[in-house]
Trainee: 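One structure, pasted below without further comment.
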Protein chains: 2
Amino acid sequence: MRPPTAWPSAGTIGAVGLDDIHEQVGTLLSRDGQRYTTERRRLVEALARSDRPVTVESLRDADPPIPMSSAYRNLSVLERVGVVERVRTTDDRARFELSEQLTDHHHHHLVCTGCGVVEDFTVPEAIERSLDRRLAEVAAERGFEVTGHRLDLVGTCAACR
Amino acid sequence: MRPPTAWPSAGTIGAVGLDDIHEQVGTLLSRDGQRYTTERRRLVEALARSDRPVTVESLRDADPPIPMSSAYRNLSVLERVGVVERVRTTDDRARFELSEQLTDHHHHHLVCTGCGVVEDFTVPEAIERSLDRRLAEVAAERGFEVTGHRLDLVGTCAACR
DNA sequence: ATTTATGCAAATCGTTTGCAAACCT
DNA sequence: AGGTTTGCAAACGATTTGCATAAAT
């Protein structure tokens with residue numbers, strides 16, 4: 001694992017290093033008896049290249065295009081082994097991003113209710129900590145096993161105002 | 001508006017008063033040229049009776065049942081006028097709850113990734129405030145117009161562990 | 001050679017919509 | 001009556017899956 005610093009939000013290439021990511025993905029996949037194929041590599045690179053969660057549609061329109069059924073199937077596998085996370089917000093299409101486990105980049109989402117676009121942002125450590133403390137309490141009260149939290153800032157982006 | 005205290009999470013009946021809610025809903029609907037019909041009244045009561053967001057499926061299975069197409073259509077209207085909020089989490093079905101505007105109950109959601117169930121919880125005022133302050137900053141930086149925030153605690157509920 | 005992944009087309013499933021009947025004012 | 005709401009059935013759109021072909025080990 002790499003230092004848990006705040007990343008410049010500009011994709012993961014350069015910040016963590018693609019080779020590094022590919023290596024981890026390979027490990028996570030093989031641990032589940034899955035192969036790290038060319039197609040999956042391309043998916044991971046597309047996700048790493050983006051500074052925000054991407055839609056499957058945008059992958060289909062990539063160059064070269066990634067067929068939607070393949071994208072969905074591979075994203076499911078990658079999600080299961082912990083490489084990607086599926087982001088559901090207000091609109092009906094899901095978006096995908098590399099998991100925080102993989103990028104060491106804990107962040108949150110800014111969601112536009114107009115066009116559905118999702119951007120990343122972070123909050124100061126101190127706030128995260130007090131939040132986590134309270135969240136742990138709530139979980140304990142309810143007998144929940146916590147796997148994480150999600151914080152979305154909902155609003156209208158500059159383009160949609 | 002009623003005092004912005006933390007509510008006991010046990011539905012809204014008794015806490016705010018159904019009559020009170022119906023009155024506000026009537027106002028919000030008429031403001032949009034909509035009627036407050038028997039069917040819509042039943043929907044609002046079903047939502048008020050629940051202490052968590054409900055699925056449309058559960059409304060269909062209510063007694064008497066609310067046909068899904070009617071539920072969807074009315075929930076859309078109620079959402080548009082600000083009476084209900086649509087909650088999207090990890091599973092593919094949407095859930096609905098009375099809007100915070102209506103209940104004066106700002107709360108968050110605890111989401112089980114196993115069965116999809118969604119429960120309510122609150123965090124202390126102080127945490128909300130520092131969060132809001134940071135969120136306002138982020139919004140300002142990006143030119144977003146903020147309409148609210150969402151905080152989900154994600155995990156596995158007692159029944160699914 | 002054998003097992004696994006790919007990608008087209010068909011199937012699913014939650015949600016939306018057309019339309020005729022029921023309802024409200 | 002005149003316009004709105006209801007609810008069945010059909011339509012939609014995002015996602016999943018069957019299956020024959022291609023790729024990987």
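To find a chain, count down the sequence lines: A is the first, B the second, and so on, and within it residues start at 1.
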Trainee: Please figure out whether P67(A) or V56(B) has its closest DNA chain C nucleotide nearer the 5' end.
Mentor: P67(A)
Trainee: Which atom pairs link the protein and nucleotides 17-21 of chain C when you take only N or O atoms and keep those under 3.5 Å?
Mentor:
residue, atom, partner, partner atom, Å
dG18(C), O6, R73(B), NH2, 3.2

Trainee: Any sub-3.5 Å donor-acceptor pair from T90(B)'s side-chain atoms to T113(B)'s backbone N or O?
Mentor: no
Trainee: Go through H109(B) and E97(B) one step at a time and tell me if the side-chain hydrogen bond (donor to acceptor under 3.5 Å, both in side chains) criterion holds.
Mentor: CA-CA 11 Å; H109(B) 294 136; E97(B) 65 184 355; 3.1 Å; yes
Trainee: Determine, for E119(A) against R95(A), whether the closest basic-nitrogen to carboxylate-oxygen distance falls under 4.0 angstrom.
Mentor: no
Trainee: In whole angstrom, give the distance that lies between atom CD of E39(A) and atom C1' of dA5(C).
Mentor: 9 Å
Trainee: Which residues within residues 78-92 of chain A lie with some heavy atom under 4.0 Å of an atom in DNA chain D?
Mentor: R86(A), D92(A)
Trainee: Give one of base, sugar-phosphate or nothing for Q34(B), where a contact means two heavy atoms less than 4.0 Å apart.
Mentor: sugar-phosphate
Trainee: Side-chain donor-acceptor pairs under 3.5 Å in residues 52-69 of chain A, sequence neighbours left out?
Mentor:
residue, atom, partner, partner atom, Å
T55(A), OG1, S58(A), N, 3.1
E57(A), OE1, R93(A), NH1, 3.2
S58(A), OG, T55(A), O, 2.8

Trainee: Please output the side-chain donor-acceptor pairs of residues 149-158 of chain B that fall under 3.5 Å, not counting sequence neighbours, one pair per line with the distance.
Mentor:
residue, atom, partner, partner atom, Å
H149(B), ND1, D132(B), OD1, 3.2
H149(B), NE2, H106(B), NE2, 3.3
H149(B), NE2, E128(B), OE1, 3.1
R150(B), NE, D152(A), OD2, 3.3
R150(B), NH2, D152(A), OD2, 2.9
D152(B), OD2, R150(A), NE, 3.3
D152(B), OD2, R150(A), NH2, 2.9

Trainee: Charged N to carboxylate O under 4.0 angstrom, R134(B) versus E141(B)?
Mentor: yes
Trainee: Are OP1 or OP2 of dT6(C) and a side-chain N or O of N74(A) less than 4.0 angstrom apart?
Mentor: yes
Trainee: For nucleotides 23-25 of chain C, give me every protein contact, N/O to N/O, under 3.5 Å, one pair per line with atom names.
Mentor:
none

Trainee: From CG of L29(B) over to C1' of dT5(D), roughly how many Å is that when rounded to an integer?
Mentor: 12 Å
Trainee: Rounded off to whole Å, could you give me the CG-to-C1' distance for the D32(A) and dA5(C) pair?
Mentor: 14 Å
Trainee: Rounded to the nearest angstrom, tell me the gap between atom CZ in R60(A) and atom P in dT6(C).
Mentor: 19 Å
Trainee: Any ion pair linking R42(A) and E45(A) (charged N to carboxylate O, less than 4.0 Å)?
Mentor: no
Trainee: I'd like to know if the side chain of T27(A) and the backbone of E23(A) have a donor-acceptor N/O pair within less than 3.5 Å.
Mentor: yes
Trainee: Return each pair, listed once, that meets salt bridge (charged side-chain N to carboxylate O under 4.0 Å, His left out) where at least one residue sits in residues 24-36 of chain A; pairs must be two or more places apart or across chains.
Mentor: D32(A)-R80(A)
Trainee: Please report, rounded to the nearest Å, how far the P atom of dA14(D) is from the CZ atom of F96(A).
Mentor: 13 Å
Trainee: Starting from C1' on dG7(C), measure out to CZ on R42(A) and report it in whole angstrom.
Mentor: 13 Å
Trainee: Give a yes or no on whether L98(B) and L28(B) share a hydrophobic cluster (residues Ile, Leu, Val, Met, Phe, Trp, Tyr; joining criterion: side-chain heavy atoms under 4.5 Å apart).
Mentor: yes
Trainee: Rounded to whole angstrom units, what separation is found between the CG atom of L59(A) and the P atom of dG7(C)?
Mentor: 13 Å
Trainee: In whole Å, what is the span from the CG atom of L43(A) to the C1' atom of dG7(C)?
Mentor: 13 Å
Trainee: Let me see the working for V25(B) and R41(B) under side-chain contact (heavy atoms from CB on, under 4.5 Å), right down to the final yes or no.
Mentor: CA-CA 9 Å; V25(B) 174; R41(B) 224 167 259 273; over 6 Å; no
